[in-house]
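Below: the structure, in structure tokens.
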Amino acid sequence: MRSDSIPITICQERKKDPMEMFQSGQMVKICAPMVRYSKLAFRTLVRKYSCDLCYTPMIVAADFVRSIKARDSEFTTNQGDCPLIVQFAANDARILSDAAQIVCPYANGIDINCGCPQRWAMAEGYGACLINKPELVQDMVKQVRNQVENPRFSVSIKIRIHDDLTRTIDLCQKAEATGVSWITVHGRTIEERHQPVHYEAIKIIKESVSIPVVANGDIRNLKEAENVWQMSGTDGVMVARGLLANPAMFAGYEETPLKCIWDWVDIALELGTPFMCFHQHLMYMMEKITSRQEKRVFNALSSTSAVLEYLTDNYGV
């Protein structure tokens with residue numbers, strides 16, 4: 001676990017409280033947890049473009065607690081990386097509360113992943129299989145609440161929905177009764193991948209609880225985000241792929257502006273982002289603004305210097 005320092009806004013004592021954001025009546029704009037992608041450098045970028053709250057990639061709590069090496073590689077932050085939620089994959093309340101205690105000084109809260117539909121996660125008892133284990137979810141929330149002394153430290157969950165929505169409502173109400181801070185709902189079932197998102201289901205869930213609810217799923221631009229927020233009556237929206245394609249979308253840009261691309265170059269180089277990650281983010285960002293031929297050339301580049309030369313030659317500094 002590294003705490004790098006780069007000269008950006010200092011978040012003293014993490015005073016930007018997510019719960020206060022949710023109570024503001026404004027749409028809270030959130031960067032989703034994304035494996036490999038929602039790391040410190042990308043979080044720093046989206047925060048420059050009106051993103052209010054960021055999540056780390058999902059971290060397996062058991063590995064994080066057991067291994068210093070895992071902590072160093074999985075969790076890097078700095079003083080400007082705030083407000084920040086650390087998302088954990090967990091199936092054991094004691095291990096999760098241990099992980100929460102480790103990150104408590106560096107984050108505003110933790111989130112329990114109850115939505116990942118990948119087979120390996122489900123096989124380990126993590127992710128979306130937890131929506132069928134409300135008592136375990138309650139136990140994990142309760143343990144973190146009891147172990148972490150800071151009363152402002154949030155404990156949230158991110159879920160998918162059941163075919164029978166009454167089961168999802170039951171899960172959410174039980175989580176609320178145990179003290180969960182807010183719930184993010186990805187409006188698809190475990191089996192659904194690219195089918196339309198059930199925003200109406202998210203609206204029904206929001207109406208069934210009194211804590212904040214965040215809508216998630218297939219939001220590609222600011223207008224869509226505002227439409228989903230208003231239609232579902234939720235307190236915020238969480239975006240994944242839409243931000244990968246356009247990290248400036250929450251600031252109202254329809255496609256990635258060149259300034260954002262150069263901001264990414266500066267941030268990634270300053271924070272020592274590995275080349276593959278640096279390059280992959282640029283491929284996502286430039287998808288809409290490059291021709292097929294340009295993509296072929298750019299995607300084949302194999303060094304940071306080659307990428308910088310390409311960007312300078314084609315887009316100027």
Side-chain angles (χ1 to χ4, degrees), residues 1-6 8 11 14 18 30-47 51 53-128 130 140 143-144 147-148 150 153-158 184 238 240 243-244 247 264 267-268 270-281 284:
M1 187 165 63
R2 302 200 318 278
S3 185
D4 296 341
S5 58
I6 60 173
I8 54 178
C11 185
R14 306 213 158 260
I30 304 170
C31 175
M34 291 179 275
V35 174
R36 295 187 302 281
Y37 295 124
S38 61
K39 295 195 168 185
L40 175 61
F42 188 70
R43 298 195 300 266
T44 304
L45 179 67
V46 296
R47 290 186 197 281
C51 184
L53 177 61
C54 292
Y55 281 54
T56 68
M58 180 183 77
I59 299 169
V60 176
D63 296 343
F64 190 79
V65 169
R66 187 173 54 238
S67 161
I68 292 172
K69 189 178 175 185
R71 293 202 282 278
D72 284 345
S73 67
E74 295 292 328
F75 182 53
T76 306
T77 189
N78 62 26
Q79 286 183 305
D81 187 26
C82 158
L84 177 66
I85 304 300
V86 181
Q87 191 189 63
F88 284 112
N91 58 13
D92 180 285
R94 184 186 56 78
I95 289 172
L96 179 64
S97 65
D98 288 348
Q101 283 181 290
I102 293 169
V103 301
C104 181
Y106 310 100
N108 294 80
I110 64 142
D111 183 81
I112 306 167
N113 185 319
C114 306
C116 177
Q118 291 184 34
R119 281 196 193 128
W120 74 267
M122 306 260 287
E124 294 283 343
Y126 305 141
L130 291 173
M140 290 195 285
Q143 278 267 32
V144 175
Q147 293 299 318
V148 176
N150 180 358
F153 191 77
S154 64
V155 186
S156 55
I157 60 175
K158 183 172 186 285
T184 301
M238 177 183 281
L243 278 174
L244 279 182
W264 169 246
I267 292 165
E270 188 151 15
L271 289 174
T273 301
F275 173 74
M276 278 187 68
C277 180
F278 168 66
H279 190 211
Q280 186 67 59
H281 273 292
Y284 280 123

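Computation of the quantities below employed the complete heavy-atom set of this structure, encompassing side-chain atoms and omitting hydrogens, waters and symmetry-equivalent molecules. Worth saying up front: this structure is predicted, and the values here are computed from it rather than measured. Numbers here are sequence positions counted from 1.
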Would you indicate whether the side-chain heavy atoms of [Y] and [X] approach each other to under 4.5 Å?
| X | Y | answer |
| --- | --- | --- |
| M58 | M34 | no |
| L84 | T56 | yes |
| P274 | M276 | no |

(message) Under the salt bridge (charged side-chain N to carboxylate O under 4.0 Å, His left out) definition, can you give me all pairs with a residue in residues 30-41, not counting sequence neighbours?
(response)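 Non-adjacent pairs meeting salt bridge (charged side-chain N to carboxylate O under 4.0 Å, His left out): zero.
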(request) Verify side chain to side chain contact (heavy atoms under 4.5 Å, CB included) between R43 and Y55, making sure each step is shown before the conclusion. (result) CA-CA 8 Å; R43 298 195 300 266; Y55 281 54; over 6 Å; no
Of all the heavy-atom pairs spanning [X] and [Y], show the shortest one and how long it is.
| X | Y | value |
| --- | --- | --- |
| P83 | P18 | CB-CG, 4.0 Å |
| I110 | L96 | CD1-CD1, 3.9 Å |
| S38 | C31 | CB-SG, 4.3 Å |
| L40 | T76 | CB-O, 3.7 Å |

(message) Which residues pass the ring pair (Phe, Tyr, Trp, His ring centres under 6.0 Å) test with F153, not counting sequence neighbours?
(response)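 F153 satisfies ring pair (Phe, Tyr, Trp, His ring centres under 6.0 Å) with no residue once adjacent residues are dropped.
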(request) Report the residues that fulfil salt bridge (Lys or Arg N to Asp or Glu O under 4.0 Å) with R66, sequence neighbours left out, ordered by chain and then residue number. (result)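 Result, salt bridge (Lys or Arg N to Asp or Glu O under 4.0 Å) vs R66: D63.
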(request) Could you list the residues that satisfy side chain to side chain donor-acceptor pair (under 3.5 Å) with Y126, not counting sequence neighbours? (result)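 Testing Y126 for side chain to side chain donor-acceptor pair (under 3.5 Å), a comparison that skips the adjacent residues, returns none.
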(request) Please identify each residue that fulfils side chain to side chain donor-acceptor pair (under 3.5 Å) with N150, with sequence neighbours left out. (result)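 If we apply the side chain to side chain donor-acceptor pair (under 3.5 Å) test to N150, skipping adjacent residues, there are no hits.
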(request) Hey, could you give me the CZ/NZ distance between F64 and K69, rounded to the nearest 0.5 Å? (result)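 It is 15.5 Å, given to the nearest 0.5 Å.
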(message) Please report the interatomic distance CD1(I112) to CD1(I157), rounded to the nearest 0.5 Å.
(response)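 Rounded to the nearest 0.5 Å, the CD1-CD1 separation comes out at 7.0 Å.
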(message) side chain to side chain contact (heavy atoms under 4.5 Å, CB included), that's the test. Do V46 and C54 meet it? Break it down for me.
(response) CA-CA 9 Å; V46 296; C54 292; 3.7 Å; yes
(message) Suppose we screen for side-chain contact (heavy atoms from CB on, under 4.5 Å). Which residues come up paired with S97, at least two apart in sequence or across chains?
(response)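 Result, side-chain contact (heavy atoms from CB on, under 4.5 Å) vs S97: Q143, V144, Q147.
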(message) Test of understanding: with side-chain contact (heavy atoms from CB on, under 4.5 Å), list the residues that count as partners of A268, not counting sequence neighbours.
(response)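 Partners of A268 under the side-chain contact (heavy atoms from CB on, under 4.5 Å) test: W264, T273, F278.
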(request) Apply side chain to side chain contact (heavy atoms under 4.5 Å, CB included) to the pair I85 and L53, showing each step before the final yes or no. (result) CA-CA 8 Å; I85 304 300; L53 177 61; 3.8 Å; yes
Let me have the donor-acceptor pairs involving side chains of residues 86-94, under 3.5 Å, with sequence neighbours excluded, atom names and distances please.
from: Q87; atom 1: OE1; to: N113; atom 2: ND2; distance (Å): 3.1
from: Q87; atom 1: NE2; to: D111; atom 2: OD2; distance (Å): 3.0
from: N91; atom 1: ND2; to: E124; atom 2: O; distance (Å): 2.7
from: D92; atom 1: OD1; to: R94; atom 2: N; distance (Å): 3.0
from: D92; atom 1: OD1; to: I95; atom 2: N; distance (Å): 2.9
from: R94; atom 1: NH1; to: D98; atom 2: OD2; distance (Å): 3.4

(message) Run Q101 and V148 through side chain to side chain contact (heavy atoms under 4.5 Å, CB included) and show every step you take.
(response) CA-CA 6 Å; Q101 283 181 290; V148 176; 4.2 Å; yes
(request) Name the orientation class of the two ring planes belonging to H281 and F42 (parallel below 30°, tilted from 30 to 60°, perpendicular beyond 60°). (result)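 Ring orientation of H281 relative to F42: parallel.
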(request) Please confirm whether the backbone N or O of C82 pairs with a side-chain atom of R47, one donor and one acceptor, at under 3.5 Å? (result)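 Yes.
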(request) Please check if the side chain of S154 supplies one atom and the backbone of S156 the other of a donor-acceptor pair under 3.5 Å. (result)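 Checking the backbone N and O of S156 against the side chain of S154, no donor-acceptor pair under 3.5 Å is found.
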